[in-house]
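Scroll down for the structure; my scribbles are underneath it.
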Amino acid sequence: MKIVIIDYGIGNIRSICSAIEKVGEDPIVSNDPADYKDVDRLILPGVGAFQEGMKNLLQSNLLKILSVLVLKRKVPILGICLGCQLMARESYEFGHCDGLGWVDGSVIPITAKRNLHLPHIGWNDVEYHNPSPLFLNIPNHSDFYFVHSYYVHMPNYQYVSAKTSYGNPITAAYRYENIYGVQFHPEKSQKYGLIVLSNFLYSV
Amino acid sequence: MLKKRVIAVLTINDGILFRTRNFIPDYRYTSNFIDMWSIDELIILDVTRPDCGNRENFYTALENFAKNCYVPLSVGGKVTHIGDISTLLHYGADKVVINSEALKNPDFISQSSKKFGSQCIVLSIDAKRNNNGIYEVYISQGRIRTELEPTQWARLATELGAGEIMITSIDRDGTLEGYDLDLVRMVSENVSVPVLACGGAGNWEHFYQGFVTGKASGVCTTNIYHFSENSISSAKNYLLNKGICVRK
């Protein structure tokens, strides 16, 4: 299986690599479009600010090949944390910024509340709404590791695979056709995180 | 709901895992033991004395830990430049812990958080009561005063972009007598970011107090005897039985 982790200069790629290797595959990390030929699975990592992420993606020379692979050839892609946000239509972090627009969603801040520490950091349980194959063999309400202040709000609730609760309910995972997004870090969520990655490789 | 976190802190001296107070190397533990399924997070600190050892040894140790670590890994010690943060992230850190450099140059916090994101920057504060009995921030293993009050410094740091605060009681560190709960609560109640309690944990009741009285989001333990798989599970069962929501 050919797995490419998209290298656009952002994200802890090493952790994702280790996790994919633990699951039993050898991923390629690349920013060269030539390496994306015949890819079976794409992973879009990312940590940090939305605008910085979009800037790096736009400068990376990968958007053309990624659009073809994701939108035309329907190669399954998994966006992790900032990665899942970048695939949305837009973000309101530090002002308005367009995203890739591959899924219909807006990145908005977690609603601040008294006694609610932000960023949302730590293990939180994920409740299924319309679970995708990513969650096969994972019990409902399992804990995953989150670290973020913004999330993807999806107007079409049917695309929300799972949510978590922090102040209010927030999207934990979504799926639109071949496009999967997880707000949590599967590569940092031990046993169940590794199963999510394994499911992405073998069950979608 | 968001769980409270139990976090193990490992101190590394020239690439070797050490026990803090006695500064004795602990060769029993290798990177393999980090595959501990109950711990929620790991913090690894380079405590090599200035001008001693080879920093490359730390990167090697970090790389080995990170390879088998499927929980978040925060790394600190000797972080003085943006380049240091990039390097640590490259070797496997998810978050970076900064301390002295932020005190010397608070703008380092804003630069780092702008570049890597607030969630990546943990500000570590070491504090104790000074001769007047007032809590004060210290550096250099508690030897040098800064004349800063911990809560004020913590608030400023979060305004500058720190995503988490790690508050360590210098006096309690290594004593196994429990956290300085007044210090922890003072900081937790006055900042909007998560606060991690550090320094003094000796038993599970201390963890409980850190959460309930200290209002911490996470409790840190540097006590190496807590680091067996059974210990952490047992700690979590204790906490669950007392009504604290932790990850099973």
Side-chain angles (χ1 to χ4, degrees), chain A residues 9-19 21-23 46-53 81-82 93-94 110 112-125 127 139 141-150 164-167 170 184-194 197, chain B residues 1-7 35-42 62-63 65-74 86 88-96 112-122 158 161-165 188-189 191-196 215-218 245-248:
Chain A
I10 289 203
N12 188 349
I13 286 178
R14 192 171 274 241
S15 295
I16 298 176
C17 270
S18 295
E21 283 161 15
K22 177 85 169 174
V23 164
V47 292
F50 191 93
Q51 293 193 16
E52 183 84 0
C81 195
L82 178 66
E93 183 180 353
F94 302 133
I110 296 174
K113 280 185 175 178
R114 219 178 110 80
N115 296 328
L116 200 73
H117 295 289
L118 285 172
H120 174 217
I121 301 183
W123 297 85
N124 204 341
D125 49 285
E127 186 186 325
H141 302 289
S142 295
D143 287 319
F144 290 87
Y145 194 85
F146 289 84
V147 53
H148 63 121
S149 303
Y150 289 75
T164 190
S165 181
Y166 196 57
I170 58 183
F184 54 80
H185 285 268
E187 76 283 11
K188 292 284 140 179
S189 296
Q190 272 189 335
K191 181 170 84 180
Y192 293 129
L194 292 174
L197 291 173
Chain B
M1 71 180 272
L2 186 67
K3 310 295 180 294
K4 297 289 189 187
R5 292 174 271 160
V6 177
I7 302 171
D35 194 18
M36 296 183 300
W37 296 99
S38 296
I39 203 75
D40 295 320
E41 279 189 46
L42 264 183
L62 167 59
E63 213 177 1
F65 279 114
K67 248 192 285 222
N68 292 311
C69 186
Y70 303 104
V71 293
L73 180 56
S74 302
S86 300
L88 292 174
L89 295 177
H90 169 77
Y91 280 109
D94 298 298
K95 300 186 241 178
V96 172
S112 316
S113 57
K114 278 205 183 80
K115 186 166 172 72
F116 303 104
S118 285
Q119 81 296 324
C120 184
I121 307 299
V122 180
T158 56
E164 270 179 311
I165 301 286
S188 297
E189 286 182 338
V191 296
S192 58
V193 301
V195 172
L196 311 177
K215 307 265 193 323
S217 297
C245 219
V246 289
R247 181 177 73 108
K248 293 196 188 69

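Please read these numbers as outputs of a predicted model, since none were measured by experiment. Side chains are part of it too, since the values below use all heavy atoms of this structure and drop only hydrogens, waters and symmetry mates. Below, chain A is the first sequence line, B the second, and so on; all start at residue 1.
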Query raised in the report: So which of B/Gly117, B/Ser192, B/Ser118 has the biggest tally of heavy-atom pairs under 4.5 Å with chain A?
Result: B/Ser192
Query raised in the report: Which bit of A/His141 is near chain B, if near means a heavy-atom gap under 4.5 Å: side chain, backbone, both or neither?
Result: neither
Query raised in the report: Any idea which heavy atoms bring B/Gly163 and A/Pro119 closest together, and the distance?
Result: O-CD, 3.6 Å
Query raised in the report: Is chain B contacted by the side chain of A/Ser165, its backbone, both, or neither, given a heavy-atom distance below 4.5 Å?
Result: backbone
Report summary line: Given A/Val147, A/Ile121, A/Leu118, A/Val47, the one with more heavy-atom pairs under 4.5 angstrom with chain B than any other is A/Ile121
Query - Among B/His90, B/Glu189, B/Lys114, residue most engaged with chain A (heavy-atom pairs, under 4.5 Å) - result: B/His90
Report summary line: To the nearest 0.5 Å, atom NZ of B/Lys248 lies from atom CH2 of A/Trp123 at 14.0 Å
**Report entry** Check: A/Tyr145 and B/Arg247 side chains under 4.5 Å, non-hydrogen atoms
**Finding:** no
Query raised in the report: Rounded to the nearest 0.5 Å, how far does SG of B/Cys69 lie from CD of A/Gln190?
Result: 8.0 Å
Query - Region of B/Leu89 in contact with chain A, defined by heavy-atom distances below 4.5 Å - result: backbone
Query raised in the report: Between A/Ile10, A/Asp125, A/Asn124, A/Thr164, which residue shows the highest count of heavy-atom pairs closer than 4.5 Å to chain B?
Result: A/Asn124
Report task. Measure distances from A/Leu116 to the heavy atoms of chain B and classify the residue's part below 4.5 Å as side chain, backbone, both or neither. Result -> backbone
Report summary line: Highest number of heavy-atom pairs under 4.5 Å with chain B among A/Cys17, A/Ser18, A/Ser149, A/Gly193 belongs to A/Ser18
Query - Straight-line distance of B/Glu164 CD to A/His117 NE2, nearest 0.5 Å - result: 10.5 Å
Query raised in the report: By a 4.5 Å heavy-atom criterion (distance strictly below it), what part of B/Ser217 contacts chain A: side chain, backbone, both, or neither?
Result: side chain
Report task. Measure A/Asp143 against the heavy atoms of chain B and call it side chain, backbone, both or neither at under 4.5 Å. Result -> side chain
Query raised in the report: Of all heavy-atom pairs between A/Ser15 and B/Gly92, which one has the smallest distance, and what is that distance?
Result: OG-O, 4.3 Å
Query raised in the report: Quick check: does any side chain N or O of A/Lys188 sit under 3.5 Å from a backbone N or O of B/Val71, one acting as donor and the other as acceptor?
Result: yes
Query - Structural part of B/Val195 lying under 4.5 Å from a heavy atom of chain A - result: neither
Query - Distance in Å, A/Arg14 CZ paired with B/Glu63 CD, rounded so as to fall on 0.5 Å steps - result: 4.5 Å
